[in-house]
Amino acid sequence: MFPLLRLRPLFRSLACLVLLVLWGLTVGETPAQTTTPPRPAARSARAAPVPAPDPAITKLLTEALALQADYHESQALSRYEQVLAKAPATYEALWRAAVLSVRIGNRYTDETRKAAYFSAARLYANRALVVNPDGAEGHYAAGLTLATQAPLLPLRGRLLAYREMRTHVYQATELRPDWAEAWQLLGRWHYRVDHYSLLERLYSRLFLGGVPVGGSTLLALEALRTAHALDSTRIEYAYDLARVHLNRSQQTRATAVLQAAVELTPVTADELVVSRQCRLLLEQLNRRQRRQVQRYLKKL
């Protein structure tokens, strides 16, 4: 019993030591600080200023448009190229350079030079779609370049070009339904696809998943009528429309369109060529109608 009495002071000392340690820990604690969430950065009340157009580029574009309006297409193309050298992402210059490259290339008989212009047009059109994917003009330029490149390509490349062309011609008319050139291109695509050769149809079905959806002469007729109604002063619209009427054995309508077309005054060398084609086609129709009348009178 005496040994336990001797241990009591030791227990008291240990207990005091434990209490002192616990009290020290309590005093050392600091109350939790309440932190307020950081405020979001205040948005600028003013929108970022739109940079002013470069006067040099504006001047070149104005000159190019004036030259193009006066049918100086080579000089206009040169101006657009100068614009693109200074500002490569100029949408107006890109799609117009593509269209002009196609028109100029079509005048060459040398397939090498023709193909060079068409390749440049394809690059311009693709860049225009990168700058503005929803631009009707860019889609039109892309479809036009594919249409002109296709006849120079082998069978597979030609058919792939017509398949790719479908999206662009539809987009161009949907985005700008009042643009006659876009409707003409859509009509030409319908007519060309509907008149695939037997080999083209077989190859498309065997290796490309079928003929492009939508190719129809009736739809071509509708699209070309729209183009002609939007701009009856363009003789090439009349010529295309008359040819489709003849394909549908609609000679009276074709004759009426051609008679109106030959009264138009051609301005460019290209229009002069189309005007002569209209006259030749009209003469053929008139001769055919005279023979039919003579046969009818003989029967009487």
Side-chain angles (χ1 to χ4, degrees), residues 68 73-74 76-78 80-81 84 94-130 137-173 181-215 217 220 223-224 227 234 236-237 239-240 243-244 247 268-274 276-277:
Q68 188 174 355
E73 294 181 340
S74 296
L77 178 59
S78 177
Y80 289 130
E81 291 172 344
L84 295 173
L94 284 169
W95 78 264
R96 288 186 180 276
V99 173
L100 287 180
S101 296
V102 168
R103 291 179 181 173
I104 296 171
N106 272 328
R107 299 188 187 115
Y108 286 98
T109 56
D110 181 15
E111 290 191 0
T112 302
R113 300 190 70 177
K114 187 188 291 286
Y117 272 98
F118 293 165
S119 297
R122 183 75 179 275
L123 292 175
Y124 288 138
N126 289 342
R127 286 168 57 188
L129 288 176
V130 171
E137 301 84 0
H139 283 289
Y140 170 78
L144 184 64
T145 56
L146 289 168
T148 51
Q149 278 185 317
L152 303 179
L153 299 175
L155 177 62
R156 181 178 179 83
R158 179 169 69 250
L159 296 177
L160 288 174
Y162 288 132
R163 292 180 69 86
E164 184 180 353
M165 183 180 168
R166 181 185 186 278
T167 301
H168 296 301
V169 293
Y170 272 104
Q171 285 286 340
T173 53
E181 292 184 25
W183 284 104
Q184 182 200 27
L185 187 61
L186 176 61
R188 287 182 171 183
W189 178 84
H190 277 299
Y191 190 82
R192 179 63 181 86
V193 172
D194 196 34
H195 287 78
Y196 268 10
S197 66
L198 179 60
L199 178 60
E200 289 172 336
R201 291 184 178 277
L202 288 175
Y203 191 95
S204 296
R205 291 173 182 174
L206 292 175
F207 302 106
L208 301 179
V211 177
V213 178
T217 301
L224 292 172
R234 295 286 294 273
E236 59 266 29
Y237 301 163
Y239 181 67
D240 288 348
R243 290 179 60 195
V244 178
N247 179 266
T268 65
D270 296 336
E271 291 181 353
L272 180 60
V273 172
V274 178
R276 290 173 179 171
Q277 292 173 338

Taking Trp189 for its side chain and Gly215 for its backbone only, find out whether a donor-acceptor pair lies under 3.5 Å.
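No.
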Without swapping roles, check the side chain of Ser78 against the backbone of Ser74 for a donor-acceptor pair under 3.5 Å.
no
Look up atom [atom1] in [X] and atom [atom2] in [Y], then write down how far apart they are to the nearest 0.5 Å.
X	Y	atom1	atom2	value
Lys114	Thr109	NZ	OG1	7.5 Å
Leu144	Trp95	CG	CH2	10.5 Å
Arg163	Leu208	CZ	CG	5.5 Å
Tyr170	Thr173	OH	OG1	8.0 Å
His190	Leu185	NE2	CG	10.5 Å
Leu94	Leu84	CG	CG	4.5 Å

Taking it one step at a time, do Gln277 and Val273 satisfy side-chain contact (heavy atoms from CB on, under 4.5 Å)?
CA-CA 6 Å; Gln277 292 173 338; Val273 172; 4.1 Å; yes
With side chains defined as the heavy atoms from C-beta onward, is the minimum distance between [X] and [Y] less than 4.5 Å?
X	Y	value
Arg107	Asp270	yes
Phe118	Glu111	no
Tyr140	Val99	yes
Leu272	Arg276	yes

Please determine if Glu236 and Arg103 form a salt bridge, counting it only when a charged side-chain N lies under 4.0 Å from a carboxylate O.
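No, no charged N to carboxylate O under 4.0 Å.
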Under the side-chain contact (heavy atoms from CB on, under 4.5 Å) criterion, do Tyr191 and Asp240 qualify, and how do the steps go?
CA-CA 10 Å; Tyr191 190 82; Asp240 288 348; over 6 Å; no
For a quick test of reading the model, state the closest non-hydrogen atom pair linking [X] to [Y] and the distance between them.
X	Y	value
Val193	Pro212	CG1-O, 4.0 Å
Ala150	Ala161	CB-CB, 4.0 Å
Leu129	Gly138	CD2-C, 3.6 Å
Ala76	Leu100	CB-CD1, 3.8 Å
Thr145	Ala142	OG1-O, 2.7 Å
Gln184	Ala227	N-CB, 3.8 Å

Listed by chain and number, what are the side chain to side chain contact (heavy atoms under 4.5 Å, CB included) partners of Glu200, not counting sequence neighbours?
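Result, side chain to side chain contact (heavy atoms under 4.5 Å, CB included) vs Glu200: Leu155, Arg158, Leu159, Arg192, Tyr196, Ser197.
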Stepwise, does the side-chain contact (heavy atoms from CB on, under 4.5 Å) test hold for Arg122 with Leu146?
CA-CA 8 Å; Arg122 183 75 179 275; Leu146 289 168; 3.5 Å; yes
After noting the C-alpha distance and the side-chain angles of Leu224 and Tyr237, does the key distance pass the side-chain contact (heavy atoms from CB on, under 4.5 Å) rule?
CA-CA 7 Å; Leu224 292 172; Tyr237 301 163; over 6 Å; no
Evaluate the ring planes of His139 and His168, with Trp represented by its six-membered ring, and classify them as parallel (under 30°), tilted (30 to 60°) or perpendicular (over 60°).
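If you compare the ring of His139 with that of His168, the planes turn out tilted.
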